[in-house]
Amino acid sequence: MLKNSLRLRAGLLSVLIFVAIVGIWQVATMPTAASGPAMDPEYAKLVGAAAATGQKSAMPTPADIGATIWKHLADPFYIRGSNDKGIGIQLAYSLGRVLLGFGLAALVAIPLGFLIGMSPLVYRALDPFIQILKPVSPLAWMPLALYTIKDSAISSIFVIFICSIWPMLINTAFGVGSVRKEWLNVARTLEVGPFRTAFKVILPAAAPTIMTGMRISVGIAWLVIVAAEMLVGGTGIGYFVWNEWNNLSIANIVTAILLIGLVGLLLDQGLAYLAKLVTYPE
Amino acid sequence: MENRPLISVEGLARRFGETGQPAVFEDIWFGVDKGEFCCLIGHSGCGKTTILNVLAGLDRPSGGAVIVDNREIDGPSLDRAVIFQGHALLPWMTVMGNIAFAVSSRWPNWDRARVRDHAMRFIELVGLAGAENKRPAQLSGGMKQRVGIARALSIQPKMLLMDEPFSALDALTRGMLQDEVLRICADTNQTVFMITHDVDEAILLADRIVLMTNGPGARIAEIVVNTMPKNERHRNDLHRHPQYYAIRNHLVEFLVNRSKAFDREVAEHGFDPRRPKLVKPGLMSMKLSAVNPPAEIVPLTTGRRQ
Ligand SMILES: Nc1ncnc2c1ncn2[C@@H]1O[C@H](COP(=O)(O)OP(=O)(O)OP(=O)(O)O)[C@@H](O)[C@H]1O
Ligand SMILES: [Mg+2]
């Protein structure tokens with residue numbers, strides 16, 4: 001009862017905030033007759049003449065955005081030439097790259113993390129590399145990837161791979177390394193072999209920590225893919241945003257931002273759901 | 001060497017950390033015969049769990065050895081089942097899963113149905129039928145401990161090693177489980193080594209009670225023979241048995257006074273760590289009440305009060 005009323009009030013407040021934002025936005029973007037305040041010439045050059053002279057704000061009104069979103073959602077998967085693809089197609093490109101890079105990273109990070117977590121020797125040997133490479137922005141790898149791979153699509157997958165590997169690697173190693181000793185002792189007293197111990201005891205014990213790592217990784221990967229596609233161009237939602245900036249279509253950009261947020265949310269919730277399946281109460 | 005008992009602890013010592021650190025215990029000698037129920041009593045921190053871990057093969061001693069079945073142990077074995085101080089159930093498995101894990105480790109070639117049937121028998125044995133699909137988190141403390149017992153028994157080991165299996169339970173549950181374990185062990189003629197803090201529990205369950213002094217450098221002070229016959233030990237009227245108070249007083253006296261001042265006893269009376277004295281305080285009381293004084297009475301070592 002109490003919880004319900006809290007949820008209701010929170011929902012109401014959310015709607016209120018939303019209405020307020022849209023209202024302020026609407027007021028701020030109403031076309032003005034008078035010429036706007038003096039603009040930075042650099043900026044004026046970027047946004048183009050129409051906006052600079054101030055007849056109509058380049059910033060669309062909420063109604064414009066609504067119309068644009070509707071237009072995109074009505075037909076998300078069209079292809080009209082290489083530079084004109086539906087927003088659904090672009091999102092699918094990005095999602096595909098993220099899932100591919102992330103999946104490959106998981107294939108490497110989880111077994112390697114297992115090894116690091118089980119063997120103090122491997123842990124110490126690999127620690128310096130991890131410590132140095134982990135803080136590097138994944139985009140810094142892009143030129144190296146483009147040079148060696150010579151393919152922009154694969155390069156962006158590689159960048160996703162690199163940025164998703166660290167949280168999974170570190171969490172797997174930590175989860176495996178901190179499996180309760182008494183659980184391992186149970187396996188030892190039952191003379192369970194190393195492989196069976198790994199799959200029946202260590203993996204389920206560390207699974208919640210590993211899943212947390214995967215959740216962090218997929219979040220970072222989704223952040224990075226937009227930037228990576230802005231750099232390499234061609235396809236993807238990042239490229240779409242950059243292209244619309246060149247077309248000066250703010251409404252399209254805002255639509256893309258909202259959809260990027262939505263897909264990120266879905267990815268996160270999907271992994272949260274998987275994490276819930278493997279957590280165990282103690 | 002003469003005929004060895006089933007478990008023979010010979011000159012055991014354990015140090016942690018760098019060499020030069022005082023040993024937790026040293027020069028520990030005692031044996032557990034086949035079919036015997038042996039309790040180890042000592043204060044918290046004296047090294048009881050450490051001894052049990054060595055017996056289980058989970059820890060290596062710094063000195064000495066444990067001989068089981070005339071072979072020095074060099075690792076864990078399915079012949080020696082352990083009931084851990086914490087119940088140590090795997091929380092992501094159900095009750096059935098936990099026990100089936102043990103059963104299929106013991107008999108890797110059994111098919112699923114056979115493993116389940118066997119596991120189910122032991123779940124029923126400890127009175128948990130109906131709870132087999134629950135996870136450990138959904139069980140009470142006593143139920144968890146029972147799963148631990150069922151898991152240990154299900155692999156039909158040659159001996160049971162128990163680390164304070166009942167200490168976390170309320171008196172009623174503890175009593176029930178003690179009776180169950182006693183019955184199961186008697187039925188299967190198990191060899192049992194059990195650690196306990198509880199003097200009454202030791203008198204109820206044990207045939208012999210090994211007394212350990214306080215650490216560091218803990219020793220086996222003596223071994224108390226429980227002269228109360230097994231069939232005369234009942235939880236509810238234990239205290240009415242003519243030998244009960246003599247044994248109990250002897251154990252309490254040891255824990256309260258002698259365990260920390262054992263060095264002085266050694267200085268006064270000498271001490272052979274290889275042959276801890278066997279004492280039978282129960283028979284002393286019989287003599288005092290002049291009922292059939294038995295022939296072989298070992299003198300009661302008198303404790304000094306500070
Ligand atoms: N891994 C370890 N490293 C260092 N010291 C240890 C380790 N394990 C145990 N000890 C020390 O050994 C001593 C004995 O520990 P142990 O757990 O065997 O005691 P215990 O007799 O079982 O106590 P309790 O009755 O409280 O369970 C303690 O002083 C403890 O600090
Ligand atoms: Mg202990």
Per-pair distances, 0.1 Å, donor-acceptor, side chain in residues 109-134 of chain A, under 3.5 Å, sequence neighbours excluded:
residue, atom, partner, partner atom, Å
S119(A), OG, L121(A), N, 3.3
S119(A), OG, V122(A), N, 2.9
D127(A), OD1, Q131(A), NE2, 3.1

>> Could you report the tightest heavy-atom contact between V278(A) and P208(A), atom names first, then the distance?
In response: O-CG, 3.8 Å

>> Report which part of L161(B) has an atom under 4.5 Å of a heavy atom belonging to chain A: side chain, backbone, both, or neither.
In response: neither

> What part of L58(B) lies closer than 4.5 angstrom to a heavy atom of chain A: side chain, backbone, both or neither?
Replying inline: both

>> Does any part of the side chain of V263(A), heavy atoms only, come nearer than 4.5 Å to the side chain of L91(A), both counted from C-beta?
In response: yes

> Can I210(A) and N171(A) be said to form a side-chain contact (heavy atoms from CB on, under 4.5 Å), step by step?
Replying inline: CA-CA 5 Å; I210(A) 298 176; N171(A) 268 45; 5.9 Å; no

If I measure from the heavy atoms of chain B, does [X] come under 4.5 Å with its side chain, its backbone, both, or neither?
X	value
V201(A)	both
A207(A)	neither
V192(A)	side chain

> What residue, out of P108(B), A102(B), G75(B), P136(B), has the most heavy-atom pairs lying under 4.5 Å from chain A?
Replying inline: A102(B)

> When heavy-atom pairs shorter than 4.5 Å are enumerated against chain A, which of A88(B), P157(B), A137(B) gives the highest number?
Replying inline: A88(B)

>> Among residues at least two apart in sequence or on other chains, which ones pass ring-ring contact (aromatic ring centres under 6.0 Å, His included) with Y239(A)?
In response: none

Between chain A and chain B, identify all donor-acceptor pairs below 3.5 angstrom, including backbone and side-chain atoms.
residue, atom, partner, partner atom, Å
W183(A), NE1, L89(B), O, 3.3
R188(A), NH1, L58(B), O, 3.4
E191(A), OE2, L78(B), N, 2.6
R196(A), NH1, S105(B), OG, 2.9
R196(A), NH2, S104(B), OG, 2.8
K200(A), O, W92(B), NE1, 3.4

>> Tell me if a side-chain donor or acceptor on Q90(A) pairs with a main-chain N or O of I237(A) at a distance below 3.5 Å.
In response: no

> Can you name the side chain to side chain donor-acceptor pair (under 3.5 Å) partners of D151(A), sequence neighbours left out?
Replying inline: none

